[in-house]
Asker: 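Below is the structure I would like to discuss, written out as structure tokens.
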Amino acid sequence: MIKKYYLLSPGPTPVPDNVLSAAAEPIIHHRTPEFSDIFMKVSEGLKYVFETEQDVFVLTSSGTGAMETAVANILCPGDKVININGGKFGERWGKICRAYGVDVREIVLEWGDPFTKEQLAEELKANPETKAVFATLSETSSGTIYDIQGYGEVLTESDAILVVDGISGLGATPCPMDEWNVDIMVAGSQKSFMIPPGLAYISFSLKAWNLVEKSTLPKFYFDAKQYRKNLKKSTTPYTPAISLIIQQKNALDIIKNLGLEKLFEHHRILGDATRDGVKALGLKLLSKRPGNILTAVKVPEGIDGLKLVKTMQGKYRAYIAGGQDPYKGKIFRIAHLGYMGGFDIIIALTALEMTLSELGFDFERGSSIKAAETILKENWE
Ligand SMILES: *Cc1c(COP(=O)(O)O)cnc(C)c1O
């Protein structure tokens, strides 16, 4: 049999054909009106997805580069911050801050557990010198969505700013930056933005720019002021990833044509279909506040979780993701993110059923497909 490759991971995600082929076009020079025209269209499109009036800067790095940019541009050595750490990516905010000599009050949550705005308000009361709160919109290691809107409400009453890792969530689940009082939002190209890995995006509120003016942490390549100065001239400070930016223009056209609301609804339908599918097999979700980006599923008792992922990927070439760190072998993650369609969920569930039956798990064959199909059929338009 021809073994087709199915990318079903929460980053990188599949890329539409006309976006892929744009990378094969001859390279144009970046200090030209032709490039600036494309670049400014991308800049406008990013503002649409971020739902902000502020500039959105394009960095040539993976998402973590934008996280580092946030930290290095707003803080000074010894500054106090709060980090809401709900998993692998929340943990990363703390690691970056500590690498820069920032004093981190780390709130370590059980993976999949929520953190309320009331809890944040208490933390701030106990730590009045806090300069910034770091949070994650969609914690990709556990499939959990956090209450960014609530955190934004709490922080409007405070001098501290709200810094959000929207790398997997932005563009797939609602998080309007300006309306929800997010001060720094970061995103990455290979998640919901429908292009390959290699670009990261970041935007600062006026409240955040005030901190940028006072920040003394070292920075050079990721100095936000350089990006701001050059964006005024419709360009980037250093050589941009020209082909990726052209790809992003095409992908943003797809996103804008569909519209954000429909895009969120699309992810909601795929999320519902996946959740209903795995529940029909008698499986349980890891998250108590699951999002529509990906579904993290607990490996059932008696089943070897590492073998499950290995079989899905190696034998069926269905590239779901395994668990990370403490959840390695204990969960698996099916993404419904970016350029995926309804039938991608059916593929994931079919490969899952074939794998589970091979590993000796007892369930009703076809039940997950039936459940997912019901959701897809009800919502198809
Ligand atoms: C993927 C991801 C990152 C890391 O991004 P890289 O592009 O691998 O640097 C950070 N945070 C979240 C929530 C992610 O999903």
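None of these values were measured; they are calculated from a predicted model. Counting starts at 1 for both ligands and their atoms, in listed order.
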Asker: Can I get a per-line list of side-chain donor-acceptor pairs under 3.5 Å for residues 39-49, giving both atom names and the distance, sequence neighbours left out?
Answerer:
residue: K41; atom: NZ; partner: D37; partner atom: OD2; Å: 3.1
residue: K47; atom: NZ; partner: E53; partner atom: O; Å: 3.4
residue: Y48; atom: OH; partner: L260; partner atom: N; Å: 2.9

Asker: Closer than 4.0 Å to some heavy atom of R92 - which atoms of ligand 1 meet that?
Answerer: 4 (C)
Asker: In ligand 1, which numbered atoms sit nearer than 4.0 Å to a non-hydrogen atom of S62?
Answerer: 6 (P), 7 (O), 9 (O)
Asker: Can the ring centres of Y201 and F193 be said to be less than 6.0 Å apart?
Answerer: yes
Asker: Would you indicate which of T64, D165, L199, L294 comes nearest to atom 11 (N) of ligand 1 when only heavy atoms are counted?
Answerer: D165
Asker: Check whether any N or O atom of Q190, backbone or side chain, sits under 3.5 Å from an N or O atom of ligand 1, and answer yes or no.
Answerer: yes
Asker: Among all protein heavy atoms in this structure, tell me which lies nearest to atom 14 (C) of ligand 1, with the distance rounded to 0.1 Å.
Answerer: K191 NZ, 2.9 Å
Asker: Examine the side chains of H336 and T295 and answer whether a donor and an acceptor come within less than 3.5 Å of each other.
Answerer: yes
Asker: Check S61 against ligand 1 and report side chain, backbone, both or neither, counting heavy atoms closer than 4.0 Å.
Answerer: neither
Asker: Going by the side chain to side chain contact (heavy atoms under 4.5 Å, CB included) test, name the single residue among I74, T69, V164, V212 that passes it with I184.
Answerer: I74
Asker: Would G63 count as being in polar contact with ligand 1, using the rule that some N or O on each side must be under 3.5 angstrom apart?
Answerer: yes
Asker: Would you confirm whether the ring centroid of Y221 sits within less than 6.0 angstrom of the ring centroid of Y238?
Answerer: yes
Asker: How far is atom 15 (O) of ligand 1 from its nearest protein heavy atom, and which residue and atom name does that atom have?
Answerer: T140 OG1, 2.4 Å
Asker: Considering only heavy atoms of S168, which atoms of ligand 1 have at least one such atom less than 4.0 Å away?
Answerer: 15 (O)
Asker: Taking 4.0 angstrom as the limit and counting only heavy atoms of S138, give me the atoms of ligand 1 inside it, by number and element.
Answerer: 13 (C)
Asker: Are R98 and W93 in a cation-pi contact, defined as NZ or CZ under 6.0 Å from the six-membered ring centre and within 45° of the axis?
Answerer: no
Asker: Any salt bridge (Lys or Arg N to Asp or Glu O under 4.0 Å) pairs touching residues 300-319, not counting sequence neighbours?
Answerer: K315-E358
